[in-house]
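The chain is numbered in sequence order, starting from 1.
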Amino acid sequence: MPQQQQQRRLFTAALLALVFILAAVSTTEAGKKEKPEKKAKKSDCGEWQWSVCVPTNGDCGLGTREGTRTGAECKQTTKTQKCKIPCNWKKQFGAECKYQFQAWGECDLNTALKTRTGNLKRALHNADCQKTVTISKPCGKLTKPKPQGKFHLQKVVH
């Protein structure tokens, strides 16, 4: 009988230890849950304002842009970001503005120019782009109207 009492005491002790461990873990978990989660700080920092992309070499390809923002408690008010200017875009309208152009119009004989209009298709990095642009180029060779009559060339032998 003493051996059974000893086993019961050992079992009771083990059971109490298990209950104690579970209570400790439960309290720790509850403590973690009760902590107020970090609230997103409402920052007085303004929105980032970005400069135009400045290519490293030439007038297109990889480059950098500068960003600034304002705010009394902002940790970071300036930063530099990598950027890329596509080499096939019309740079005269801003290197970050992409336009969809219509077909070239007829040649204006007074100015010897033909024009076409482009509508804004895409602006990179919130660039300030015109909604519609117009470009002109020389008409090229102006062909004079061909005479309508039939002409025959004659060889003159001297």
What distance separates [X] [atom1] from [Y] [atom2], expressed to the nearest 0.5 Å?
X      : Y      : atom1 : atom2 : value
Gln102 : Asn119 : CD    : CG    : 6.0 Å
Phe101 : Thr117 : CZ    : OG1   : 8.5 Å
Cys129 : Lys98  : SG    : NZ    : 12.0 Å
Cys60  : Lys84  : SG    : NZ    : 9.0 Å
Trp104 : Ile135 : CH2   : CD1   : 4.0 Å
Leu113 : Lys137 : CG    : NZ    : 11.0 Å

Is Val52 reachable from Trp48 through a run of I, L, V, M, F, W or Y residues, each pair having side-chain heavy atoms under 4.5 Å apart?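 Different clusters.
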
Closest contact, heavy atoms only, Lys114 versus Glu106: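 Here Lys114 and Glu106 meet closest at CB-O, 3.9 Å.
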
Minimum heavy-atom distance between Thr115 and Ser136, given as atom pair plus value: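 So the minimum-distance heavy-atom pair works out to CG2-OG, 2.8 Å.
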
Got a sec, which residues hit side chain to side chain contact (heavy atoms under 4.5 Å, CB included) with Ser51, two or more places apart in sequence or on another chain?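 For Ser51 the side chain to side chain contact (heavy atoms under 4.5 Å, CB included) partners, ignoring immediate neighbours, are Arg65, Glu66.
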
Which residues share a side chain to side chain contact (heavy atoms under 4.5 Å, CB included) with Thr56, sequence neighbours left out: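 Residues passing side chain to side chain contact (heavy atoms under 4.5 Å, CB included) with Thr56: none at all.
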
With Tyr99, which of Lys121, Arg122, Gln130 fulfils side-chain contact (heavy atoms from CB on, under 4.5 Å)?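 One option only clears the test, and that one is Gln130.
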
Just jot down the side-chain hydrogen bond (donor to acceptor under 3.5 Å, both in side chains) partners of Thr78, sequence neighbours excluded, or say none.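 Residues passing side-chain hydrogen bond (donor to acceptor under 3.5 Å, both in side chains) with Thr78: none at all.
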
